[in-house]
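A short worksheet on the structure shown next.
Note that these values count all heavy atoms, side chains included, but never hydrogens, waters or copies made by symmetry. Residue numbering restarts at 1 for every chain, and letters A, B, ... go by the order of the sequence lines.
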Protein chains: 2
Amino acid sequence: MESRCESCIIRQFNSLRAMSKEELKQVSDSKITKKVKKGDPLFNEGEKLNGVYCVRSGVTKLSKLSENGKDQIVKLATKGEVLGQRSVIAEEHTNLSATAVSDMEICFIPKTSITDTLNKNPNFTLEVLRHMAHDLKEADDVIVNMSQKTVKQRMAAAFLYLKNNFGEDEEGYLRLNLSREDMANVVGTATESAIRIISEFKKNEWIATKGKRVRVLNEQKLVDLSEGF
Amino acid sequence: MESRCESCIIRQFNSLRAMSKEELKQVSDSKITKKVKKGDPLFNEGEKLNGVYCVRSGVTKLSKLSENGKDQIVKLATKGEVLGQRSVIAEEHTNLSATAVSDMEICFIPKTSITDTLNKNPNFTLEVLRHMAHDLKEADDVIVNMSQKTVKQRMAAAFLYLKNNFGEDEEGYLRLNLSREDMANVVGTATESAIRIISEFKKNEWIATKGKRVRVLNEQKLVDLSEGF
DNA sequence: TTTAAAACATGATATATGTCAGGTTTTGGT
DNA sequence: ACCAAAACCTGACATATATCATGTTTTAAA
């Protein structure tokens, strides 16, 4: 049982909200809803996409493999985010790979639905543009953090990011659980270094773990550290 | 004696080429041409811009100050590039500072000329969007390089970037001469480290210097190094 | 429930890079 | 042409981080 885009709440969070009724209907008729299991790829770096992916639930990592064989995670995308837009607009192969880090439900929207609307609906184009402007700002900030902060600072910032963007459950544990390896790849460090720093955070009682799950105990300390105090 | 946008060749390299005759006329009538001396700022991080800057000649660095007091250069912009677009579109304060690294000639185009056209001319919006999509890809690549390459690799890549983007003069010297400090800030390292690596490159005869000027002697070696061999 | 694989953890060590401190050279303004 | 300021350079040292090695715990599949 497929649901209709017209009644999809997710849409409020992305550029699709600027679409007209008819455009939305056309998207709805051509879209394909898929489930993706944790660990499975949505698409891979260098592929040519013939559409975009709208995330309905779950989280995906956007990463790029470097020559030394390490995967740098550039962004984590969740509910409401549209993936592959950049590639479709620039008519280029994808620059990043997308892999599910939790079970996901996504909608695949064929290229033409997007490009047609881009050509016809200036409001939509402007909305996409605003989103991309925002992404670009975020990317610039990441560049600065990567080059100017220590691994420890970045790791603290990463936990705050997880807390602020994906929230906590009733018991106070982070909703999104990343493996140490993924954490290392977000922060841009070796897995062992990530583990060591996480152990240190635990020892300091800034975070606590229970099995896979992580809880932030002292947010202020993490903020201070990430800002360099 | 001001020149008219309609007859400005620079325009071919940026999104202004998607403007109609009337729109271009309107831009031309409202624009202000300025000269900026090497070292002078165009605008500073956190400012609210009420327009964009179109670079006619010269080069500017786009940088951001980090908490530890270091300036990370995120991008070097030259002839044809439009600055401040992101900020005007997202209606946010600027995220980056722009400072001339050579004498420049720029045109200031008031916000309204841009936003009016964005609202009325879908082709223009789409063109701006394409440029921003490209910038975003570049930014993602920088993130990966920053986190996965060594300082030496990034320094090699920086020289190649200077050669490929700003070219060489008749004698084979790089057209754009950056101070060691600026080089360090592009690469994201300490000035002393930059100097040491540059000395090493000279010793290896991969580059040569004459006063301020730098010449690439062995491009292949720099390519190999930057790619990790 | 058992068992192999994956994830996690920690020590020892090497190395890249930052920092501090002291020089020399180059540059630009009068 | 001179002088102060800026840019450049080099050494010594501290430290953050990567790497390698090895062991333990957790997870998931048969």
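Axis angle between the ends of the helix from C:dT1-D:dA30 to C:dT30-D:dA1, five pairs each and rounded to 10 degrees, works out to 60°.
Residues of residues 145-159 of chain B that place a heavy atom closer than 4.0 Å to DNA chain C, in numerical order, are B:T150, B:V151.
Under the ring pair (Phe, Tyr, Trp, His ring centres under 6.0 Å) criterion, B:F201 pairs with B:W206, sequence neighbours left out. Residues meeting the side-chain hydrogen bond (donor to acceptor under 3.5 Å, both in side chains) test with B:E181, sequence neighbours left out: none. For B:K111, the side chain to side chain contact (heavy atoms under 4.5 Å, CB included) criterion is met by B:V88, B:T115, not counting sequence neighbours. In this view, B:D224 and B:Q220 satisfy the side-chain hydrogen bond (donor to acceptor under 3.5 Å, both in side chains) rule, not counting sequence neighbours. Taking the side-chain hydrogen bond (donor to acceptor under 3.5 Å, both in side chains) definition, one finds that B:N164 meets it with nothing, sequence neighbours left out. In this structure A:D135 satisfies the side-chain hydrogen bond (donor to acceptor under 3.5 Å, both in side chains) test with no other residue, sequence neighbours excluded.
Within the cation-pi definition used here (under 6.0 Å to the ring centroid, within 45° of the axis), A:K34 qualifies as a partner of A:F108.
Sorted by first and then second residue, the salt bridge (charged side-chain N to carboxylate O under 4.0 Å, His left out) pairs with a member in residues 151-166 of chain B read B:K152-B:E200, B:K163-B:E168, B:K163-B:E219; sequence neighbours excluded. Each ring-ring contact (aromatic ring centres under 6.0 Å, His included) pair with one or both residues in residues 139-180 of chain A, not counting sequence neighbours, would appear here, but there are none.
Regarding B:E181, its CD atom lies at a distance of 18 Å from the P atom of D:dA5, rounded to whole Å. Atom CD1 in B:I197 sits about 15 Å away from atom P in D:dC8, given to the nearest Å. Taking atom CD1 on B:I195 and atom P on D:dA7, their separation rounds to 11 Å, with Å as the unit. Rounded to a whole Å, the CD1 atom of A:I198 is 10 Å from the C1' atom of C:dC8. Rounded to an integer number of Å, the gap from CZ of A:R196 to P of C:dA9 is 12 Å.
Within the 4.0 angstrom heavy-atom criterion, only backbone atoms of the sugar-phosphate kind lie near A:S179; the bases stay farther away. Counting any heavy atom pair closer than 4.0 Å across all strands shown, B:T189 reaches sugar-phosphate atoms only and no base atom.
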Practice task
Do nucleotides 21-30 of chain D as a string where each nucleotide becomes B, S or -: B if the base has a protein heavy atom under 4.0 Å, S if just the sugar-phosphate does, - if no protein is that close.
Solution key: ------S---

Could you list the donor-acceptor pairs under 3.5 angstrom formed by side chains in residues 35-46 of chain B, with sequence neighbours left out?
unit_1: B:E45; atom_1: OE1; unit_2: B:L65; atom_2: N; d: 3.1

